[in-house]
Amino acid sequence: MIQYLNNNSAVVLDALQQHIWLALLPVLLGFAIALPLGYLGVRFTWLYHPLVNTSGVLYSIPSLALFVFLPVLLGTKVLSPINIVVALTIYTVALLARTVADGLRSVDPTVTQAATAMGYRRFRRLIDVELPVALPVILAGLRVATVANISLVSVGALIGVGGLGQLFTRGFQLFYLEPILVGIILSVALAGIADLVIVLIQRAVTPWARFQRGGTA
Amino acid sequence: MITFDDVVKVYPGGSTAVDHLTVELPTGKLTALVGPSGCGKTTSLRMINRMVRPTSGRVLIDGEDVAGQDEAKLRRGIGYVIQHAGLFPHRTVLDNVATVPVLLGKTRREARAAAIGLLERVGLSEEFAKRYPAQLSGGQQQRVGVARALAADPPVMLMDEPFSAVDPVVRGQLHAEFLRLQQDLGKTIALVTHDIDEAIKLGDRVAVLRQGGILAQFGTPQDLLTKPADDFVAEFVGRDRGLRSLSFDSAAALPVRPPAEAPDLVLDDAGRPVAWRSVGDLGGVFQVTDSLRVVTDLAISSPVGIAVRVDADGRADGIVSHHDLADHLVARRRESASA
Amino acid sequence: MNLSYLFDPEHWQFGVAGGFPQLILSHLGYSALALLFGVIIALPVGLYIGHTGRGSFLAINAGNAGRSLPTLGLLMLMVTLLGLGLLPVLIALTVLVVPPILTSTYAGMRAVDHSVVDAARGMGMRPWQVLTRVEFPMALPVIMGGFRSAALQVIATATVAASVGLGGLGRLLIDGLAVNDYSRVLAGAIVVAVLAVVLDLFLALVQRWVVSPGMSGQARRAAT
């Protein structure tokens, strides 16, 4: 395996780099979209169930189907990385919008009432009180979405854009174990590191959560 | 009869929960185990049905050591009621009540038919049978818990803080109904509570335990109120125990004067008291079956300082002034002190 | 959008090799087989860990580990190791199904109200009866949640598995891409997406049917 890495370091690094941005860009985009969406699902209660149901349907669509369907919808080329990014963004939004809504709904109503009684306006209360209290739940969802994205990117290799997935298809075509093992190890390691980073961020920004029961999933 | 014979329970880690407990809970009576948290009352209770095993000593039911018996069979013969009822959320009220009979081999149909009757017994109408525990109030859940414990008609019942999770008003109702039920059934009951008032109200006997699982006093509620064994029990029972002990004294022995001695008392044609001529409102009346506490309350809250006794038909048949009452109470105290 | 392949009635005839009915059935068959193996392995282990509390480390981390495994890599690894055929693919699918079922079974068991178990023991249920009559039915809403996500996972992965020779709807996608028949690819994508959504709805109905109505309030809470 070491020898394989030595001989193919450029290919592997290229694949790794592509894998990272194909997986993480959708996390950022998805998070940015899911946050207001989840909030709307709480602010307007009639929106909550449509939001949850739509998320459920989108999340259940198999990744390969979505990858090949998007070009029709977006007018992109089948081999374009945009398809992967958009598909993974959809999954991230589907997972996180619900998590954000559930996180905000889980905030103890006495806490929000106390904030209102102290003179908080709605937006300021959201930023100062509700979001911080809901953060452990939201970040737990973010961990799941990030790890799932990192493992899903490689499926893209079947339509030509798949980061480390390209190592799988190459190894499979040549019946050669090394690139497949390298790809799996790097992908799992990447997921582990990303997960750990979010946990550390969570520890840093929610120091109070350590003293509560069931703060993380 | 449930016998604790020099029972010790030391938990791993060295803390002593029960310290050489020897006590007998009489058959057909309700014995309350009461004490502050950490006094080993729940541990003691749970040793009766082998949920906890004693470190040393024996627990016997009607002379038979529980240690030698099959756990599951032993427990099926002992009713068990706990604080939040512990109802099975996935089973209807009816199936909850039918649990033990089914475990004992009855068919589901038989067990359900019997369960309906039990629900009625604890004051729940048939419409509750098909509901799930989540659809009941706390008080209703607790009633189902009691019905479930009674389902196999066990001679012995264990109750761990059965009424402490409901609000005071509902608790009062449950107490009254439960006492009525126990009067009919005459089960041998061990009841754990941290509430001394509940222990005194419900218990035929009360065992007061102190921190570290030591028995501080065992006796009737009246014993506890009038003759606390030590400062701990006196403190635990509370400062108004003198007044509260009057609840256990009947007004039967209280001498009364004829109603004619109170010319202010207005009677109707049938001889029933109506009002005080000078001040109006009568305030209330007592019967010979009431306790001295009721009489005391009437006498000191009456605008003229007199409590009126009536017979079963509601006719005035005697009066007691607060002076008479005070004399009687003092005499009674002297008697019990010299006895 | 070229939907000619999807709406060609010839592709919807029963018993035709490569037709939709046959592809759907084989897709569901492989998925069901993997789910069955997954349940046989994960359910007893999850119940044991949840009942005894022993080995909880394993159950908690299985979920994370399972999610981070790249499905395509696992499939191709198995085939490269064991050669082409149904067995290596089924092994890979089963490996992916085990973690969500194991983790949810454990989580469901841990969430069972302790006082209810205490009451069950106190009424004279034997350990096996406590497990089957109280703990399992109470854990079922959470277990079903895990089973549903495992089912979606396996439908998606079975599609991908066409790239290593498995039959089923994935064939339309992989073969269509290989010969640039985009109408076929699109048909496969749509049918497999609809299949997944319908299956999830069906399992939601099954869940409503097998889970006691008394638990539904808790089911809602546990699903978040």
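Here is how names work: the chains are called A, B, and so on, in the same order as the sequence lines, proteins then strands, and each is numbered from 1. On a predicted model such as this, the values are computed, not experimentally measured, just so you know.
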Output for pair (A/Leu13 CG, A/Asn8 CG), nearest 0.5 Å, gives 10.5 Å

Would a distance-only check, ignoring hydrogens and angles, find a side-chain to backbone donor-acceptor pair under 3.5 Å from C/Gln22 to C/Gly18? yes

On a heavy-atom basis, the closest approach of A/Tyr48 and A/Arg98 is OH-NH2, 4.2 Å

When the 4.5 angstrom heavy-atom criterion is applied to A/Thr169 and chain C, the contacting part is both

By residue number, those in residues 171-191 of chain A with heavy atoms under 4.5 Å from heavy atoms of chain C are A/Phe172, A/Phe175, A/Tyr176, A/Leu177, A/Ile180, A/Leu181, A/Ile184, A/Ser187, A/Val188, A/Ala191

Would you indicate whether the side-chain heavy atoms of A/Gln202 and A/Pro136 approach each other to under 4.5 Å? yes

Between A/Glu130 and A/Val42, is any pair of side-chain heavy atoms under 4.5 Å apart?
no

* Asked: Do C/Tyr106 side-chain atoms and C/Gly55 backbone N/O form a donor-acceptor pair below 3.5 Å?
  -> no

Of the listed C/Ser163, C/Gly83, C/Ala196, C/Gly170, the one with the largest count of heavy-atom pairs under 4.5 Å with chain A is C/Ser163

Of the listed C/Leu169, C/Leu72, C/Val191, C/Thr157, the one with the largest count of heavy-atom pairs under 4.5 Å with chain A is C/Leu72

**Asked** If you count the non-hydrogen atoms of other residues, nucleotides and ligands that lie under 6.0 Å from CG in A/Leu74, is the total more than 12?
**Response** yes

I'd like to check C/Leu186 versus A/Val68 (side-chain heavy atoms, cut-off strictly below 4.5 Å). Are they in contact? no

For C/Phe20 and C/Leu172 the tightest heavy-atom approach is CE2-CD1, 3.4 Å

Next item on the list: Answer yes or no: are there more than 12 heavy-atom neighbours, outside A/Arg170 itself, under 6.0 Å from its atom CZ?
Entry: no

Between C/Met109 and C/Ile49, is the side chain to side chain contact (heavy atoms under 4.5 Å, CB included) condition met? List the steps. CA-CA 9 Å; C/Met109 291 286 286; C/Ile49 295 175; over 6 Å; no

Turns out that what part of C/Leu152 lies under 4.5 Å from chain A's heavy atoms comes down to side chain

Output for pair (C/Leu6 CG, C/Arg184 CZ), nearest 0.5 Å, gives 13.5 Å

Assert top hit (heavy-atom pairs under 4.5 Å, partner chain C, pool A/Ile61, A/Thr146, A/Val147) equals A/Val147

Turns out that what part of C/Val164 lies under 4.5 Å from chain A's heavy atoms comes down to both

Checking heavy-atom separations under 4.5 Å from chain C, one finds in residues 151-163 of chain A A/Ser151, A/Ser154, A/Val155, A/Ala157, A/Leu158, A/Ile159

Interface check, chain A: of C/Thr71, C/Asp200, C/Leu195, C/Val79, most non-hydrogen pairs under 4.5 Å belong to C/Val79

Distance col, row C/Leu28:CG vs C/Ile155:CD1, nearest 0.5 angstrom, shows 5.5 Å

Full working for side chain to side chain contact (heavy atoms under 4.5 Å, CB included) between C/Leu205 and C/Leu201 | CA-CA 6 Å; C/Leu205 286 179; C/Leu201 283 177; 6.0 Å; no

Chain A shares the most heavy-atom pairs under 4.5 Å, among C/Leu77, C/Ile60, C/Val192, C/Val197, with C/Leu77

Turns out that what part of C/Ile174 lies under 4.5 Å from chain A's heavy atoms comes down to side chain

Whatever's closer than 4.5 Å to a heavy atom in chain A on C/Leu69 counts as both

